[in-house]
Amino acid sequence: MGGLPTSKTVYAFAAGPADPKIMFAGLREGAFKSTDGGESWRKLNAAPKDVASIAIHPTKPEMVFIGTAPGKIFKSTDGGRIWRRQN
Amino acid sequence: MEAVNQRDAGLRPPIGTGLICPGWSRVVPIVGLAIVIALALATLGETAGSSHDIGHLHALLVSPADGDLWIGTHSGPFRSGDEGKTWQAVKIPADLAAMDFMSFAQDPTNPKILYVGTHNRGILKTSDGGATWAQIPGIGTVDVHALAVDHFNSTQPKRWYAWLVDKGLFRSLGDLDEWKRHDDGPANPDVRVLQSVNIPTGMGGIWLYAGTADGLFRSPDCF
């Protein structure tokens, strides 16, 4: 663990509007975050799996949303550490 | 950054410069630097609220206009004004009904203008925040899996990108009236998401990232 898998499908990707070196990638295996423009990645262990899409709030960069393939929405207000299911 | 899986037969010169513009390369994680952090306090707790079934989801957008969430699903676009707790279906005219709303791109200078890539209707556009819709004429009824826009340099026309299944990466300048095929895209042609990222390439442009069935790739946006 620790890096971004290279042989898995990346369904979702988002870069920070204020700091584009902060990136999120979403896979069926879960969500990953980079703070150095993609040089290194760490898995967000509390994020949901089956990630279909990721969006960062345009004016609140710590607020991140994940949509999963089955249609569940999760929100983080701390840059991806803690996630709350919304629906 | 190690460059692998380059698909282009040669290196492209960027428009208007004498520089060499390389093609797609894998975004390679440096495993040794990655740190696994167990977040024991993190939870996946459920909150009170609607369990409105929105079905199979493909795309998600936070509108800079009002903070509303938009999602693209198998059955159409939905909108939420309460951060995803409840959802309202966005009505699409019957003659534009489409399967699978795959991707969003919002006009960076007018957030009421929103483009949606669909599985079988090409790109749909609303100019009034979702009240009315029209089909973009210049690209046809193709399968658009991913959309992106680059307007970080406001002195230049907006650069729109669309990934068309079995057709490749297309680009349009300005108002999406005309599209030109750019290349085959990353080595794995199953592109799921595109985004322009405002990180300088050192070649006068920024990067275009692509999530694919074989990982994450990027290409200098110098074409």
Side-chain angles (χ1 to χ4, degrees), chain A residues 1-17 20-21 23 25-27 32 34 36-48 52-60 63-76 78 80-87, chain B residues 1 26-39 41-47 49-64 67 69 71-73 80 82-87 190 192-199 206-207 209-216 218:
Chain A
M1 294 179 67
L4 186 66
T6 56
S7 58
K8 303 286 187 179
T9 300
V10 175
Y11 290 90
F13 176 79
K21 289 190 174 181
M23 300 174 169
L27 293 75
F32 294 76
S34 173
D36 55 13
E39 297 291 337
S40 64
W41 296 83
R42 63 181 173 88
K43 192 171 189 291
L44 299 172
N45 291 330
S53 191
I54 299 175
I56 304 171
H57 194 286
T59 59
K60 302 173 185 175
M63 185 178 290
V64 185
F65 293 90
I66 284 178
T68 66
K72 300 303 179 189
I73 306 298
F74 293 81
K75 181 180 84 169
S76 172
D78 59 4
R81 295 181 62 195
I82 298 173
W83 294 87
R84 296 280 180 185
R85 190 172 137 184
Q86 297 294 93
N87 62 337
Chain B
M1 189 71 62
R26 184 187 296 278
V27 178
V28 181
I30 301 175
V31 177
L33 294 179
I35 302 171
V36 179
I37 301 175
L39 301 169
L41 296 178
T43 67
L44 281 172
E46 297 192 18
T47 60
S50 169
S51 59
H52 190 90
D53 184 11
I54 50 181
H56 189 73
L57 184 146
H58 294 295
L60 173 63
L61 171 83
V62 185
S63 172
L69 295 190
I71 53 171
T73 76
S80 173
D82 57 10
E83 298 183 335
K85 296 183 178 69
T86 60
W87 294 89
D190 190 0
R192 300 305 182 110
V193 61
L194 287 174
Q195 186 176 351
S196 291
V197 177
N198 191 21
I199 295 177
I206 60 174
W207 293 97
Y209 280 70
T212 80
D214 192 33
L216 187 64
R218 69 179 186 177

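Each chain gets a letter, A, B and so on, in the order the sequences are listed, and its residues count up from 1.
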Item to check | B/D190 and B/T212: CA distance, side-chain angles, deciding distance, side chain to side chain contact (heavy atoms under 4.5 Å, CB included) verdict | outcome: CA-CA 5 Å; B/D190 190 0; B/T212 80; 5.7 Å; no
Checklist entry - Is there a side chain to side chain contact (heavy atoms under 4.5 Å, CB included) between A/M23 and B/L216 once you walk through the steps? => result CA-CA 12 Å; A/M23 300 174 169; B/L216 187 64; 5.6 Å; no
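For the set A/I66, A/T59, A/I73, the entry with the most heavy-atom pairs within less than 4.5 Å of chain B is A/I73. No other option in B/L194, B/L61, B/L69 has as many heavy-atom pairs under 4.5 Å with chain A as B/L69. With chain A as the partner, the residue from B/G215, B/G72, B/A213 showing the most heavy-atom pairs under 4.5 Å is B/A213.
Taken from CD1 in B/I206 to OG in B/S196, the straight-line distance is 5.0 Å, to the nearest 0.5 Å. Distance check: A/L4 CG to A/K43 NZ gives 11.5 Å after rounding to the nearest 0.5 Å.
Interface remark: A/K21 contributes backbone and side-chain atoms alike to the contact with chain B (heavy atom separation under 4.5 Å). For chain A, no part of B/T73 is nearby; none of its heavy atoms comes within less than 4.5 Å. Neither the backbone nor the side chain of A/L27 comes within less than 4.5 Å of any heavy atom in chain B. Interface remark: B/S63 contributes backbone atoms only to the contact with chain A (heavy atom separation under 4.5 Å). In this structure, the portion of B/H58 lying under 4.5 Å from any heavy atom of chain A is its backbone and not its side chain. Residue A/S76: no heavy atom, backbone or side chain, is found under 4.5 Å from chain B. Heavy atoms of A/K75 lying under 4.5 Å from chain B belong exclusively to its side chain. Only the backbone of A/A12 comes within less than 4.5 Å of a heavy atom of chain B; no side-chain atom from C-beta onward does.
Under the side-chain contact (heavy atoms from CB on, under 4.5 Å) criterion, A/P17 pairs with A/I56, sequence neighbours left out. Scored by the side-chain contact (heavy atoms from CB on, under 4.5 Å) test, B/A59 finds B/F104 as partners (sequence neighbours excluded).
With contacts defined as side-chain heavy-atom distances shorter than 4.5 Å, the pair B/I54/A/N87 qualifies. Within the 4.5 Å cutoff, the side chain of A/F13 has no heavy atoms near those of the B/R192 side chain.
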